[in-house]
Amino acid sequence: MLTGFARAFRTPDLRKKLLFTLGIIVVYRIGTHIPIPGVNYKAVQQCVTEASGNQGLFGLVNMFSGGALLQITVFALGIMPYITASIILQLLTVVIPRLEALKKEGQTGTAKITQYTRYLTIALAILQGTGLVATARSGALFSGCTVAQNIVPDRAIFNTVVMVICMTAGTSVVMWLGELITDRGIGNGMSILMFISIAATFPSALWAIKKQGSLADGWIEFGTVILIGLVMVGLVVFVEQAQRRIPVQYAKRMIGRRSYGGTSTYIPLKVNQAGVIPVIFASSLLYIPALIAQFSGGDSGWKTWIQQNLTKGDHPIYITLYFLLIVFFAFFYVAISFNPEEVADNMKKYGGFIPGIRAGRPTAEYLSYVLNRITWPGSLYLGLIALVPTMALVGFGASQNFPFGGTSILIIVGVGLETVKQIESQLQQRNYEGFLR
């Protein structure tokens with residue numbers, strides 16, 4: 001991999017793309033440290049220090065923003081509104097016929113869906129920005145902090161509107177930076193920004209575990225966490241690359257004097273076909289009851305039950321629900337993202353068939369059967385990987401944002417593999433080495 005990057009830097013146009021991408025990353029990281037107007041920066045820093053390792057409901061969003069959320073900076077919302085908008089549009093494509101028709105139109109329809117995603121991102125940024133400002137004003141952003149009420153000194157309507165506009169504008173800039181990387185950089189811009197946001201929290205999280213450790217001044221715990229991280233990366237790479245290849249044979253066709261078809265290929269069905277989406281869905285769904293309980297008044301029975309069972313990551317009920325939701329959303333997302341009937345119809349249209357399986361409905365049933373069988377180990381793998389932070393809570397007394405948590409490792413490994421493949425493909429286009437050297 002390092003050799004590939006060295007060759008990329010020796011190629012002039014690829015070197016420009018890599019340097020441009022690095023420049024955008026620097027701009028993005030600078031934006032995550034610029035506080036928005038109307039915020040008491042000293043009070044925020046004090047609360048961040050006091051709440052270190054206990055970020056509660058906002059831990060997942062803070063991880064995706066590279067630590068900018070709890071700092072209440074210009075890029076506080078990070079890439080999260082765009083991710084949410086993309087997932088919503090992807091789900092609605094299955095439900096709304098108009099969006100499904102746009103998806104089938106090719107590049108023009110994709111551009112239209114991308115435009116809808118941008119509009120929805122701005123709407124979600126306004127909504128999430130308003131919620132973040134309201135939470136900061138009430139002091140609930142840092143529960144237990146002594147100066148939490150002083151984070152937003154001026155609570156006038158104008159000041160609140162300005163804060164929301166600044167965070168919404170920051171989200172728009174983040175979205176623009178991601179598209180610049182996609183168009184003029186090495187590609188896959190939004191995923192790279194997500195990668196950078198998560199990787200930026202690793203050093204501080206690892207150092208916090210070292211300071212909390214007691215064996216050999218914390219170095220034993222530090223080394224153990226590094227070793228666990230390497231094992232997890234190897235496991236995730238192995239499973240992410242694993243796939244079931246369904247052989248497909250295309251019959252020969254004579255059109256005029258030319259013969260077409262007669263080739264063999266395969267349909268790659270990944271073991272983890274859903275990616276990291278089920279983990280994000282399950283985490284978000286489990287945050288909703290705790291968020292409602294946090295903002296509701298009184299001491300009712302349901303609120304007490306939620307606070308006791310659904311706010312602590314190491315509680316058995318929380319662990320069980322989290323695992324079951326991940327398995328459910330893995331099957332749900334695979335069902336809406338891969339349509340066996342559509343694949344079977346396309347194969348039949350172009351004269352393709354699976355050896356030993358009749359074309360049409362039997363092919364769709366066979367693909368559905370195989371997909372269900374490989375989704376089971378994929379969903380169980382996602383659930384076990386996502387529970388690593390919970391085991392860290394028990395073993396190391398670490399925070400819920402354990403540096404090698406399931407969500408972060410899945411995203412980092414997935415984006416890393418995709419980026420390396422893109423660089424390799426661009427290298428092959430510019431410097432193809434033949435079979436004879």
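Sequence positions, counted from 1, serve as the residue numbers for this chain.
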In sequence, state the C-alpha distance, the side-chain angles, and the governing distance for Ile72 and Val152, and then conclude on side-chain contact (heavy atoms from CB on, under 4.5 Å).
CA-CA 10 Å; Ile72 317 181; Val152 184; 5.7 Å; no
Salt bridge (Lys or Arg N to Asp or Glu O under 4.0 Å) contacts touching [range] (sequence neighbours left out):
{"range": "residues 265-277", "answer": "Glu240-Lys270"}
{"range": "residues 71-96", "answer": "none"}
{"range": "residues 323-342", "answer": "none"}
{"range": "residues 157-175", "answer": "none"}

Contacts of type side chain to side chain donor-acceptor pair (under 3.5 Å), residue [X], not counting sequence neighbours:
{"X": "Arg98", "result": "none"}
{"X": "Gln115", "result": "Arg118, Tyr119"}
{"X": "Gln90", "result": "Tyr333"}
{"X": "Thr160", "result": "Arg137"}

Test item: [X] and [Y] side chains (from C-beta on) under 4.5 Å apart, heavy atoms:
{"X": "Val173", "Y": "Tyr28", "result": "no"}
{"X": "Leu269", "Y": "Phe338", "result": "yes"}
{"X": "Thr84", "Y": "Thr121", "result": "no"}
{"X": "Val271", "Y": "Phe238", "result": "no"}
{"X": "Leu102", "Y": "Tyr116", "result": "yes"}
{"X": "Glu105", "Y": "Lys103", "result": "no"}
{"X": "Val44", "Y": "Pro35", "result": "no"}

Step by step, would you call Leu367 with Leu371 a side-chain contact (heavy atoms from CB on, under 4.5 Å)?
CA-CA 6 Å; Leu367 290 175; Leu371 193 62; over 6 Å; no
Got a sec, which residues hit side-chain contact (heavy atoms from CB on, under 4.5 Å) with [X], two or more places apart in sequence or on another chain?
{"X": "Val27", "answer": "Leu177"}
{"X": "Val231", "answer": "none"}
{"X": "Pro12", "answer": "Arg15"}

I'd like a table of donor-acceptor pairs (distance under 3.5 Å, sequence neighbours excluded) in which one partner is a side-chain atom from residues 180-188, with atom names and distances.
| residue | atom | partner | partner atom | Å |
| --- | --- | --- | --- | --- |
| Thr182 | OG1 | Gly178 | O | 3.0 |
| Thr182 | OG1 | Gly189 | N | 2.9 |
| Asn188 | OD1 | Ser191 | OG | 3.3 |

Working to the nearest 0.5 angstrom, can you tell me the gap between Met80 CE and Leu77 CG?
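Going from the CE atom of Met80 to the CG atom of Leu77 covers 10.5 Å.
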Any chance you could lay out the side-chain contact (heavy atoms from CB on, under 4.5 Å) test for Leu387 and Phe323, step after step, and finish with the verdict?
CA-CA 8 Å; Leu387 290 178; Phe323 185 82; 4.0 Å; yes
Determine the minimum heavy-atom distance between Met347 and Val248, stating which atoms define it.
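So the minimum-distance heavy-atom pair works out to CE-CG1, 3.9 Å.
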With Ile151, which of Val39, Asn40, Val133 fulfils side chain to side chain contact (heavy atoms under 4.5 Å, CB included)?
Val39
Between Gln128 and Met167, is the side-chain contact (heavy atoms from CB on, under 4.5 Å) condition met? List the steps.
CA-CA 9 Å; Gln128 294 179 12; Met167 282 191 282; over 6 Å; no
Ignoring hydrogens and angles, tell me if any N or O in the side chain of Thr135 forms a donor-acceptor pair with the backbone of Gly131 under 3.5 Å.
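Answer holds: yes.
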